[in-house]
2 protein chains.
Amino acid sequence: MSSPQQPVFKALADPTRRAILKRLQEGSETAGEIASEFPISKPSLSHHFNILKAADLVRTERRGQHIVYSLNATVLQEAMAMLLDIFSPGDSSQDQDNEESERE
Amino acid sequence: MSSPQQPVFKALADPTRRAILKRLQEGSETAGEIASEFPISKPSLSHHFNILKAADLVRTERRGQHIVYSLNATVLQEAMAMLLDIFSPGDSSQDQDNEESERE
DNA sequence: TGTATATTTAGACAAATATCGAAATAAAAG
DNA sequence: CTTTTATTTCGATATTTGTCTAAATATACA
């Protein structure tokens with residue numbers, strides 16, 4: 001319960017971080033491997049990792065010198081559930097074409 | 001195809017804007033009505049409206065002096081679809097407990 | 001212990017963002 | 001045409017964000 005989604009949506013707002021998540025979906029990777037795939041510096045990536053960790057979107061595991069990052073899909077699902085809730089609150093009847101409720 | 005989701009996720013990153021979307025889900029409202037529900041100034045709200053419009057998350061309709069805002073649920077659905085794609089790319093079998101990738 | 005490799009932290013800086021009050025625009029009403 | 005009401009645009013400002021280089025920490029290994 002009590003999912004503080006602010007950090008999750010903040011984390012998802014950056015394209016680099018979304019790309020990291022997508023990459024991690026295909027399998028856990030070390031920080032260095034991820035860094036080698038992006039055109040930004042390792043400290044910058046580390047900064048993004050911190051934001052993803054703060055949002056609980058990724059988990060880390062030390063393996064020798066390496067730190068392995070892996071995806072936490074549960075939080076991603078919760079974020080989706082919250083989006084679902086926005087456009088159909090507590091009900092499954094989503095009316096895609098939101099007709100004009102003429103109330104004054 | 002070709003959904004430029006950057007502005008959508010940026011728009012969803014702000015709690016005020018998510019609250020606006022949630023409010024609009026319950027029915028279209030004029031700018032003034034929405035503004036009266038939030039503790040920030042009307043120019044600030046107008047700024048948020050612009051961001052939501054740029055992301056195509058809301059539509060507007062002039063009605064006399066008022067401007068009526070309504071939700072565009074389709075774009076919200078597309079954002080969810082993209083989240084879905086992050087944690088299970090092109091497949092529907094979502095494994096909630098992402099154990100250490102025994103897939104290739 | 002000392003050196004190499006992997007990753008993070010510290011500090012700085014430019015760009016983006018959220019906010020405001022004041023002024024501008026648009027439509028309605030007198 | 002002037003005033004009133006609704007909303008946006010303008011200009012300013014403080015905070016947050018993404019990025020960098022340099023330095024620090026942590027582990028492995030000779």
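Below, chain A is the first sequence line, B the second, and so on; all start at residue 1. Computed from a predicted model, the values in this text were never measured in an experiment.
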Using atom [atom1] of [X] as one end and atom [atom2] of [N] as the other, report the distance to the nearest whole Å.
{"X": "E61(A)", "N": "dT27(D)", "atom1": "CD", "atom2": "C1'", "answer": "15 Å"}
{"X": "Y69(A)", "N": "dT7(C)", "atom1": "OH", "atom2": "P", "answer": "9 Å"}
{"X": "I40(A)", "N": "dT21(D)", "atom1": "CD1", "atom2": "P", "answer": "12 Å"}
{"X": "D14(B)", "N": "dT15(D)", "atom1": "CG", "atom2": "P", "answer": "17 Å"}
{"X": "R62(B)", "N": "dT5(D)", "atom1": "CZ", "atom2": "P", "answer": "17 Å"}
{"X": "E33(B)", "N": "dA6(D)", "atom1": "CD", "atom2": "C1'", "answer": "12 Å"}
{"X": "H48(A)", "N": "dC20(D)", "atom1": "NE2", "atom2": "P", "answer": "9 Å"}
{"X": "R18(A)", "N": "dG18(D)", "atom1": "CZ", "atom2": "P", "answer": "11 Å"}

May I ask you to evaluate whether [X] reaches the phosphate of [N], defined as a side-chain N or O under 4.0 Å from OP1 or OP2?
{"X": "N50(B)", "N": "dT7(D)", "result": "no"}
{"X": "S41(A)", "N": "dC20(D)", "result": "yes"}
{"X": "S46(A)", "N": "dT8(C)", "result": "yes"}
{"X": "S44(A)", "N": "dG18(D)", "result": "no"}
{"X": "H47(B)", "N": "dT8(D)", "result": "no"}

Which nucleotide in [options] has an atom nearest any side-chain atom of [X]:
{"X": "R17(A)", "options": "dT7(D), dG18(D), dT9(C)", "answer": "dG18(D)"}
{"X": "A31(A)", "options": "dT8(C), dA26(C), dC20(C)", "answer": "dT8(C)"}
{"X": "H66(B)", "options": "dT8(C), dT7(D), dT8(D)", "answer": "dT7(D)"}
{"X": "P43(A)", "options": "dT19(C), dT7(D), dA22(D)", "answer": "dA22(D)"}
{"X": "I67(A)", "options": "dT9(D), dT7(C), dT19(D)", "answer": "dT7(C)"}
{"X": "K42(A)", "options": "dG18(D), dT8(C), dA27(C)", "answer": "dT8(C)"}

Minimum heavy-atom separation for A55(B) to V75(B), with atom names?
->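 Closest heavy-atom pair between A55(B) and V75(B): O-CG1, 3.6 Å.
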Let me know, please, whether K10(A) or T30(A) comes out on the 5' side of the other along DNA chain C by nearest nucleotide.
->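 On the 5' side of the pair lies T30(A).
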Backbone of G64(A) reached by a side-chain donor or acceptor of R62(A) within 3.5 Å |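 Judged by distance alone, yes, a pair lies under 3.5 Å.
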hydrophobic_cluster_shared for I51(A) and L57(A), side chain cutoff 4.5 Å =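 No, L57(A) does not connect to I51(A) through the hydrophobic network.
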Under 4.0 angstrom, heavy atoms only, what part of the nucleic acid is F38(B) near: base, sugar-phosphate, or nothing?
->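 Answer is nothing: F38(B) stays at 4.0 Å or more from every strand.
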Which distance, rounded to the nearest 0.5 Å, do you find between the [atom1] of [X] and the [atom2] of [Y]?
{"X": "N72(A)", "Y": "E78(A)", "atom1": "CG", "atom2": "CD", "result": "8.5 Å"}
{"X": "H48(A)", "Y": "R17(A)", "atom1": "NE2", "atom2": "CZ", "result": "6.0 Å"}
{"X": "E61(B)", "Y": "T30(B)", "atom1": "CD", "atom2": "OG1", "result": "12.0 Å"}

Could you pick out which residue, Q65(A) or A13(A), lies toward the 5' side of DNA chain D when each is mapped onto its nearest nucleotide?
->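 Counting from the 5' end, the first nearest nucleotide belongs to A13(A).
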Relative to the 5' end of DNA chain D, which residue comes earlier, G64(A) or I51(A), by the nucleotide with the nearest heavy atom?
->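 It is I51(A) whose nearest nucleotide is closer to the 5' end.
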